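Values reported hereafter were calculated over all heavy atoms of this structure, with side chains retained and with hydrogens, waters and symmetry mates removed. Per chain, numbering begins at 1; letters A, B, ... match sequence-line order. As the structure is a prediction and not an experimental result, all values here were calculated from the model.
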Amino acid sequence: MTLRVQASGPLTLVEDAGRPGWAHVGVTRSGAADRSAYALGNRLVGNRPGAASLEVMLGGLALVADRETTVAVTGAFSRPLLAGREVAYAAPVPLRPGDRLVLQRPDVGLRTYLAVRGGIDVPAVLGSRSTDTLSGLGPAPVRDGDRLPVGSPLGLAAPAVDVAPVARPSAGPLVLAVTLGPRHDWVDLEGLLARPWVVSARSDRVGIRLDGPPVGRPRRAELASEGVVRGGVQIPAGGEPVVFLADHPVTGGYPVALVLTEAACDGISQAVPGQEVTLRLA
Amino acid sequence: MDAALLPCGEQAVLVELSGTDAAMAAAAEIGRLRETGADPWRRLVDVVPGARTVLVTFDHPLAGSAVPQAIRDALAAMRVEVAVGPAGTLVVPCRYDGPDLGVVAELTGLSVAGVVDAHTSAVWRVAFGGFAPGFAYLVGGPSLLHVPRREVPRASVPAGAVGLAGDYTGIYPRSSPGGWRLIGSTDLVLWDAERRPPALLTPGTDVRFEAVP
């Protein structure tokens with residue numbers, strides 16, 4: 001079966017669990033930015049973990065299925081409409097042929113996940129169907145008029161739950177749990193932890209920039225290139241922190257002072273520009 | 001060998017070593033342990049060497065696990081001077097026609113022919129990757145070839161361009177912006193996601209450049 005995309009919105013990408021294991025040759029893991037929301041979507045429609053979904057930034061997606069299937073909407077709360085009626089969030093939703101599913105601009109959060117039973121079945125590159133926006137690996141961003149193939153639901157378990165009791169992303173100030181990073185002693189750590197930061201509009205799947213007074217770098221030595229992780233809080237020469245997201249470069253040349261916990265990485269991937277975040281040692 | 005384990009989030013540690021040779025050896029050893037399939041290496045996700053570090057990533061939280069001690073034990077038993085063998089050898093046919101060849105000759109005090117000779121005589125080894133899929137930082141060249149990056153990076157460097165920066169040489173796997181001093185070009189396809197292996201230059205690979213017309 002296929003999903004016919006009538007409108008693709010500001011940025012809709014195919015994402016799955018990413019391509020771990022290739023970082024030594026310069027390929028980052030990529031995959032869904034909010035891993036827990038993505039994984040929940042697959043569970044709700046009975047998919048195996050790792051099936052590809054759509055990651056929809058700021059809504060604007062409209063599509064029609066050519067066969068009966070089941071979808072689930074998780075992540076940013078985008079008030080899904082099916083044939084003009086609001087349907088449940090974080091729940092399996094039956095989609096009939098010809099019904100138009102619309103994801104509106106979310107009131108809260110940035111990235112909505114649309115899981116479909118059988119998974120989006122575009123060709124895999126290095127074992128993943130994810131679009132890596134840094135290197136360009138994987139499928140092109142979804143465009144208006146695309147027909148997205150959907151995998152066979154044969155052999156999949158029936159969707160088991162009605163509604164998942166999940167917390168929606170928060171619109172208010174976020175408190176993000178961090179642990180010390182490898183170069184915490186290279187920067188003014190107290191300054192980094194003391195004040196709230198503002199998510200910059202110059203943020204994407206590679207990293208989120210945090211606006212605020214520059215973080216001091218008492219240790220001015222050059223750092224030799226070293227591996228970095230998702231959630232790493234890097235302090236470049238200018239002192240403006242960058243939090244690495246799913247498509248982060250595999251190595252970096254600036255000190256990583258803190259690392260967000262896995263849950264906090266999912267949390268900040270839903271933060272919108274202007275939102276306030278505070279980093280707090282776990 | 002001496003190794004310091006630096007914290008790097010719930011599922012990774014950054015192992016800091018005495019230098020690039022030690023980092024290459026440690027990365028090779030941890031890679032070898034993964035091949036054994038034994039615990040706790042079975043759930044290792046990525047081994048990412050850097051200039052003097054190795055990032056080791058797992059698919060589970062490391063707090064309370066056997067991983068940190070296993071890394072310490074594995075590296076404590078190693079000696080840097082017992083170098084690991086190459087992960088393979090690659091000959092790269094290179095036309096020495098780069099736009100910065102003359103500048104590199106000036107900076108190094110060599111003739112153009114001398115630059116070519118120094119670059120082709122060395123046995124380089126891939127220390128680590130990064131920057132782009134298939135890009136590799138090669139070490140082992142003579143110190144007289146050390147040149148700083150361009151002050152203003154080029155907006156576009158063609159695929160196959162061979163460059164120098166600091167004590168590294170490298171080959172651009174695809175067209176991209178870049179600040180390295182370009183001395184030549186190759187027709188080798190460094191990166192092809194559909195090929196196995198996709199990258200010709202993996203950490204530990206030995207590389208020789210061969211001048212071609």
Side-chain angles (χ1 to χ4, degrees), chain A residues 17-30 35 123-128 132 134-138 177-186 222-233 243-244 248-253 255-265 281-282, chain B residues 4-16 19-20 23 27 31 34 44-63 126-137 166 168 173-174 176 190-191 193-194 196-205:
Chain A
R19 25 185 96 75
W22 295 99
H24 62 295
V25 289
V27 176
T28 199
R29 174 162 168 177
S30 187
R35 290 184 189 164
V125 177
L126 297 178
S128 166
D132 171 359
L134 184 69
S135 73
L137 284 180
V178 294
T179 56
L180 290 179
R183 306 297 174 189
H184 58 88
D185 49 350
W186 285 48
E222 284 260 317
L223 182 69
S225 190
E226 62 189 25
V228 298
V229 295
R230 178 175 92 122
V233 182
V243 182
F244 290 129
H248 66 84
V250 296
T251 56
V256 169
L258 297 166
V259 181
L260 272 64
T261 63
E262 295 293 314
C265 286
L281 279 174
Chain B
L5 267 58
L6 308 179
C8 201
E10 291 170 300
Q11 306 192 354
V13 287
L14 187 71
V15 184
E16 187 166 46
T20 303
R34 168 169 39 190
L44 199 159
V45 175
D46 272 308
V47 181
V48 189
R52 49 183 300 149
T53 56
V54 182
L55 175 69
V56 191
T57 309
F58 284 76
D59 71 352
H60 59 86
L62 299 185
V126 176
F128 55 96
F131 177 61
F135 188 85
Y137 293 78
Y168 303 113
R174 59 172 188 188
S176 67
L190 274 296
W191 171 258
E194 302 304 322
R196 291 295 175 273
L200 290 186
L201 300 178
T202 54
T205 304

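Chain A forms more heavy-atom pairs under 4.5 Å with one residue of A23(B), A132(B), S176(B), A12(B) than with any other, namely A132(B). Among A282(A), S225(A), G231(A), G136(A), the residue with the largest count of heavy-atom pairs under 4.5 Å with chain B is S225(A). Residue with the most contacts toward chain A among D46(B), V54(B), V48(B): D46(B) (heavy-atom pairs, distance under 4.5 Å). With chain B as the partner, the residue from T251(A), T28(A), L260(A), L223(A) showing the most heavy-atom pairs under 4.5 Å is T251(A). Of the listed residues (G232(A), G26(A), G252(A)), the greatest number of heavy-atom pairs within a distance under 4.5 Å of chain B belongs to G26(A). Top candidate by heavy-atom pairs under 4.5 Å with chain A, chosen from A27(B), P133(B), G50(B), P173(B), is P133(B). Per-residue heavy-atom pair counts under 4.5 Å with chain B were compared for G227(A), A224(A), C265(A), and the maximum is reached by G227(A). Among L258(A), L180(A), V228(A), V250(A), the residue with the largest count of heavy-atom pairs under 4.5 Å with chain B is L180(A). Interface summary for chain B: among L137(A), T261(A), D132(A), the most heavy-atom pairs under 4.5 angstrom belong to T261(A).
Of the atoms belonging to L44(B), not a single heavy atom falls under 4.5 Å from chain A. V178(A) does not touch chain B: none of its heavy atoms, backbone or side chain, sits under 4.5 Å away. Contacts between A136(B) and chain A at a heavy-atom distance below 4.5 Å are absent for every atom of the residue. With a 4.5 Å cut-off on non-hydrogen atoms, L134(A) touches chain B through its backbone but not through its side chain. Interface remark: V256(A) contributes no atoms to any contact with chain B (heavy atom separation under 4.5 Å). Neither the backbone nor the side chain of P249(A) comes within contact range of chain B; no heavy atoms are under 4.5 Å apart.
Residues L6(B) and H184(A) are not in side-chain contact: their nearest non-hydrogen atoms beyond the backbone lie 4.5 Å or more apart. By the 4.5 Å heavy-atom criterion applied to side chains, T179(A) and P7(B) are not counted as neighbours. Considering only heavy atoms from C-beta on, E194(B) comes within 4.5 Å of V125(A) through its side chain. Looking at V27(A) and W191(B), their side chains come closer than 4.5 Å, going by heavy atoms from C-beta outward.
Side chain of E262(A) to backbone of E10(B): no donor-acceptor contact under 3.5 angstrom is found.
Summarising the geometry of V47(B) relative to H24(A), their closest heavy-atom pair is O-CB, 3.4 Å, with the distance given to 0.1 Å. Of all heavy-atom pairs spanning P20(A) and V45(B), the tightest one is CB-CG1, 3.4 Å. Pairing each heavy atom of L14(B) with each of P182(A), the nearest pair is CD2-CB, 3.6 Å. Minimum heavy-atom separation, V25(A) to T202(B): CG1-CG2, 3.6 Å.
Residue R196(B) holds its CZ atom at 5.0 Å from CG of L126(A), rounded to the nearest 0.5 Å. Distance check: R230(A) CZ to Q11(B) CD gives 8.5 Å after rounding to the nearest 0.5 Å. Taken from CD in E226(A) to CG in L55(B), the straight-line distance is 8.5 Å, to the nearest 0.5 Å.
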